[in-house]
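Contents: one structure, followed by commentary.
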Amino acid sequence: MPRNFDFAEAEPRVYDWWQENGWFKPESAAADAEPYVISMPPPNVTGSLHIGHALFTALEDLMIRYERMRGKAALWLPGTDHAGIATQLQVEKLLADEGTSRNEIGYEEFLQRTWQFKEEQGGAIIRQLRRLGASCDWDRERFTLDDGLSKAVIHAFITLWEQGLIYRGPRLVNWSPGLRTAVSDLEVESNEEEVTLYYFRYPVEGGDYIPVATTRPETILGDTAVAVHPEDERYRHLIGKCAIVPILQREIPIIADDAVDMEFGTGALKVTPAHDFDDYELARKHNLALLNILNKDASMNAEAGKYAGLDRYACREELWRDMTAARLTIKTEPYVTRIPRSQRGGEVVEPMMSTQWFVRIQPLADKAIAAVRAGRVKIVPKRFEKIYFHWLENIQDWCVSRQLWWGHRIPAWYREKDGDPEGEIYVGFEAPRGDGWVMEQDVLDTWFSSGLWPFSTLGWPQETSDLGRFYPTQMMETGHDILFFWVARMVMMGLWFTDTPPFHTVYLHGLVRAEGGVKFSKTLGNAIDPLTVVDKLGADPLRFTLITSGTPGNDCHLDEKRLDHSFRFINKIWQMTSFINMNLDGEIELGLPPVEELDLPSRWILSRLNRLIENVQYLFDIHQYGEAGNQILAFMWDEFAPFFLEISKHALYQGDLAPKTAARRVLVHAQDRCLRLLHPFMPFATEEAWRFIPQAGNALIVADWPVAERDLIDDEIEARMQAFLEVVREIRNTRGEFRVDPGRRIQALARDGAAARDLARHGHILARLCNVDSLALLPAGADEPPNAASIVVGDITVFLPLEGMLDIAAECERLAAELKKIAQQLARAEKMLANENFVARAQPAVVQRERDRLEDLTSAKAQLDERLANLCP
RNA sequence: GGGCGUUUAGCUCAAUUGGCAGAGCAUCCGGUUUACACCCGGAAGGUUAUAAGUUCGAGUCUUAUAGCGCCCA
């Protein structure tokens, strides 16, 4: 066995071996195995791996490997997303670097370039996922723009159209001027920014004026009304009169509406229905005209009069200058408000009238709400259900058309009729018969195809065998940031098209952040690149760290130091395996000897092990994988390795075959179970280590998941061993305190008693763990040894004769401190047990535990008292 | 404005149904004891944000306040 785990050599080799054996495929399970399916959240096909991908990979691979070990037909279906806007932007940037643009090269050429870009980039991210150990069924990999998925998307669109759930029409939408496309509400992010609030006079016919405040003066040019509150004494007399749009001199009505906030600004509101969502509603109510003043690039159009052609912000300045000259301005002041920006481009989004395709979403949303209410879909953690409900209950129709070129083209054709070039609309798979039909240029929102992902990837709408066997899926693991974008839409589409929720459980993870909660970003230079970590430490430490650093639904602050710790944990596992391996000496019988043939340490470690398995199972059941990982680590590093492994050397290094064999079998068994438990967390190192201990299976990846053997859990054994280990710790402390050379073997005496005799029988424990040569019993009534330090644990008193090293004053101080501690604990236990309510109402086990403690503490205190009296006059 | 989360050791985070608050890193002390210096043994570090309440018992449940973060308008 190699001295260290060579992850760089082992990872690719082991990964290929797994794949060549077909273990990533659900067909490797028994034919009648229950399926367990996760659809991978498809990363952008041209993206590169970041820490968020690493987190989902670690979690989903953990879930898949766990269920595979439990004998399920585990299918983790991978794929990539064409990511409309993101990818198109990347290609446009390439073109810009070449000094050209998409409009210059044209539609066909642009698509060809984008496909070429996808082929060049595509697969990079998939290769990166494989480096992390993702056990996906790569034969089933899909891409949202592949033929099958495209057909599914078109089918879904046509079906919704035929059901009357898709309509096309002019609406106020969020318009991204940089991208020249509509975007959905979700793709707009509003954050508070410092802007200017402009106060000005709105002239009224007859020479009067109304003061109005706005943050966007250029929209004055698109005003079609001024609104005031009907009960506002300041302006009541003006209601019904006409206001005059500054510079343009256009007449618009002054209307009254109680939606106007009298407190804000001047209490009067300019109404720009074509460029503001609230104003749009107001305009519908009052039947006001809609006046679009912007071009698609957010420059001013002809309606802006002399400002036509100016950029919106240039227009803002120039108009304000002109209004100042016209003595219409009052003042400006700094103001903080939320500015809507495009999630992708980052530029300020303008509400704009535009003809778009919409999904009438309410009927779909109703089903999605009902499914979660009925528990047919479970969201972990549960609090996200509230957020989910709130969004779906207030949902707006979904604008699904995008004025992009990269995506699923909307399957609609137009033909001129009565002078309207779009007078006739046809929706279908292919162009309708007849002349003059022109296909729709717009493509669908990327999330439209993503919404179909759990079933489109399995062959839907065809009734494929995969669809029958693997749908609905079991687990949807993804980030809580795309609960609306993706999860809710999958639930809606899944229920609508397949009559089944697309998955049973939604597990939401948080964002990975840097120390102090700051976002990872390239500009801050604080990004942890998963591939750099994998190069340096291997995939396993990254995976283990990511999983054990957070809890479901909460952001995790990744501390790079923990990566090193995980790396060292893997080394620890390797060394433990190595130790067991080199002490085997040939074949051994698998399984455990009968429990009655086992010694105390063996029974102790098996009890602890099975308790661990039980806890881990519970934690997996409630999706607390991080805590499970930490508990396995704690067991191995704090109990198994430092105590059992050390103690077992006694049996392994001496001559008797029976105890040697027993020790070997216990060691192999416990290490085997630990490696199994850890496999979903760190697949490479565990698989590789497992080869070096005797086992019956082919590979750890398909070995059985451990089940706790409750018979082996033994409270009494654990308590006995715990007391012994406490003696060990005390002896170590005492040695340290009196500066006893660590290499020096010392003698120990114990005052006779049942526990002491028990301890004496296990003298090798003290020998191995604290370098005590032997433990002799001091007959009852015998004098205490002179110049001895003493330690008291429960009813065990151990004397360490330390002639020449013992400082009586220091020992007295130590004992007094110990006594103080014991006395405090004793007082606490006494107080609790004196409380009738506690005794009557607490769980009996808790009361009993406290009684036992009281007994131990009382005994310890008595011995300490006596010791102090003898030694320290 | 509405909602959600969070506040625990210097830093990053745990704590399973309420039952003696724990890790890692950092700090200090001591060790090459033949699985491991990628290690071992020890120490120190806490009024669990604040204030009330429920309970025999609260980090955990309730209410209020404050800071931080997120979502929705």
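These figures come from a predicted structure and were not determined experimentally. Chain A is the first sequence line, chain B the second, and so forth, proteins listed ahead of strands; every chain is numbered from 1.
- Residues A:Gln575 and A:Asn571 have side chains that bring a donor and an acceptor to within less than 3.5 angstrom of each other.
- For the C1' atom pair drawn from B:rU50 and B:rG10, the interatomic distance equals 22 Å after rounding to whole Å.
- Between B:rG18 and B:rU48, the two C1' atoms lie 15 Å apart (nearest whole Å).
- Listed nucleotides B:rG5, B:rC25, B:rA35 differ in distance to A:Arg568; the shortest reach to its side chain belongs to B:rC25.
- At whole-Å resolution of the value, CG in A:Asn835 and C1' in B:rG19 are 14 Å apart.
- Between B:rG2 and B:rG45, the two P atoms lie 45 Å apart (nearest whole Å).
- Side chain A:Lys572 to base B:rC36: a donor-acceptor pair is found below 3.5 Å.
- For A:Glu646 against B:rA35, a side-chain N or O and a base N or O form a donor-acceptor pair under 3.5 Å.
- Ion pair A:Glu639/A:Arg608 flagged as a salt bridge, since at least one NZ, NE, NH1 or NH2 atom sits closer than 4.0 Å to an Asp/Glu carboxylate oxygen.
- The gap from the C1' atom of B:rA73 to that of B:rU60 amounts to 33 Å, rounded to the nearest Å.
- Residues passing the side chain to side chain donor-acceptor pair (under 3.5 Å) test with A:Asp638: none are found, sequence neighbours excluded.
- Side-chain contact of A:His623 with A:Tyr625: a donor-acceptor pair under 3.5 Å is present, judged by distance alone.
- Taking only side-chain atoms of A:Lys386, from C-beta outward, the nucleotide of B:rG41, B:rC4, B:rC71 with the closest atom is B:rC4.
- Looking at heavy-atom distances under 4.0 Å, A:Gln825 makes no contact with the nucleic acid at all.
- At B:rA37, one or more side-chain N or O atoms of A:Arg3 fall inside 4.0 Å of OP1 or OP2 (strictly under the cut-off).
- Look at A:Lys649 and you'll find a side-chain N or O under 4.0 angstrom from OP1 or OP2 of B:rA35.
- Spacing between atom CG of A:Asp741 and atom P of B:rC40 amounts to 20 Å, rounded to whole angstrom units.
- Spacing between atom CG of A:Asp638 and atom C1' of B:rA14 amounts to 14 Å, rounded to whole angstrom units.
- Pairing for B:rC70 goes to B:rG3, judged as Watson-Crick or G-U wobble with the two contacts each under 3.5 Å.
- Of the candidate nucleotides B:rA37, B:rC40, B:rU16, B:rU16 has the atom lying nearest to any side-chain atom of A:Asn615.
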Which atoms of nucleotides 60-63 of chain B (N or O only) lie under 3.5 Å from a protein N or O atom, and what are those distances?
none

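- Distance from the side chain of A:Thr551 is smallest to B:rA15 among B:rG30, B:rA15, B:rG19.
- Within 4.0 Å (heavy atoms only), A:Thr577 reaches no atom of the nucleic acid at all.
- With B:rG41, B:rC4, B:rC38 as the candidates, the nucleotide lying closest to the side chain of A:Ile387 is B:rC4.
- The NE2 atom of A:His390 sits 12 Å away from the P atom of B:rG2 (whole-angstrom rounding).
- Taking a pair to require two hydrogen-bonding distances under 3.5 Å in either a Watson-Crick or a G-U wobble arrangement, B:rG41 pairs with B:rC29.
- Distance, A:Ile693 CD1 to B:rA35 C1': 14 Å, rounded to whole Å.
- Looking at A:Glu850 and A:Arg828, a side-chain N of the basic residue comes within less than 4.0 Å of a carboxylate O on the acidic one, giving a salt bridge.
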Show your reasoning for whether ring-ring contact (aromatic ring centres under 6.0 Å, His included) applies to A:Phe620 and A:Trp705.
-> CA-CA 12 Å; A:Phe620 267 61; A:Trp705 179 252; 5.2 Å; yes
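- A:Arg739 comes within contact range of the sugar-phosphate backbone alone, with a heavy-atom separation under 4.0 Å but no base atom that close.
- A:Phe579 has its CZ atom 14 Å from the P atom of B:rC40, to the nearest Å.
- Distance A:Lys831 NZ to B:rG19 C1': 15 Å, rounded to the nearest Å.
- The gap from the C1' atom of B:rA26 to that of B:rU63 amounts to 39 Å, rounded to the nearest Å.
- Nucleotide B:rC61: paired with B:rG53 (Watson-Crick or G-U wobble, both distances less than 3.5 Å).
- Residue A:Arg383 places none of its side-chain N or O atoms closer than 4.0 Å to OP1 or OP2 of B:rC4.
- When distances run from any side-chain atom of A:Arg853 to the nucleotides B:rA15, B:rC20, B:rC39, the shortest one goes to B:rC20.
- Annotation for A:Gln848: atom CD counts as buried by contact number, over 12 foreign heavy atoms lying within 6.0 Å.
- The base-pairing partner of B:rU48, taking Watson-Crick or G-U wobble contacts with both distances under 3.5 Å, does not exist among the strands shown.
- Taking atom NZ of A:Lys382 as the reference point, atom C1' of B:rG5 lies 17 Å away to the nearest angstrom.
- A:Leu645 comes within 4.0 angstrom of a nucleotide base, judged by non-hydrogen atoms across all strands.
- Aromatic pair A:His509/A:Phe56: ring centres not closer than 6.0 Å.
- Remark: the separation of the P atoms in B:rA23 and B:rG46 is 15 Å, to the nearest Å.
- Rounded to whole Å, the P atom of B:rU47 lies 27 Å from the corresponding atom of B:rG5.
- Residues A:Glu726 and A:Gln722 have side chains that never bring a donor and an acceptor to within less than 3.5 angstrom of each other.
- Nearest heavy atoms, A:Asn837 versus A:Asn835: N-OD1, 2.8 Å.
- A parallel orientation is assigned to the rings of A:Phe635 and A:Phe640, their planes being inclined by less than 30° (bins at 30° and 60°).
- The side chain of A:Glu627 lies closest to B:rA14, out of B:rC72, B:rA14, B:rC4.
- Closest contact between the side chain of A:Ala842 and the listed nucleotides B:rG24, B:rG19, B:rA15 involves B:rG19.
- With both pairing distances under 3.5 Å, B:rU12 is matched to B:rA23 as a Watson-Crick or G-U wobble pair.
- The separation of B:rA44 from B:rC25, taken at their C1' atoms, amounts to 15 Å, rounded to a whole angstrom.
- A:Tyr653 comes within contact range of the sugar-phosphate backbone alone, with a heavy-atom separation under 4.0 Å but no base atom that close.
- As judged by a 4.0 angstrom heavy-atom cut-off over every strand, A:Arg768 is placed among residues making no nucleic acid contact.
- Where A:Tyr618 and A:Trp391 meet RNA chain B, the nucleotide closest to each residue was compared, and A:Tyr618 sits on the side nearer the 5' end.
- Distance from the side chain of A:Arg729 is smallest to B:rG42 among B:rC38, B:rA35, B:rG42.
- Checking A:Arg849 against A:Ala641, the closest nucleotide of RNA chain B that is more toward the 5' end is the one next to A:Arg849.
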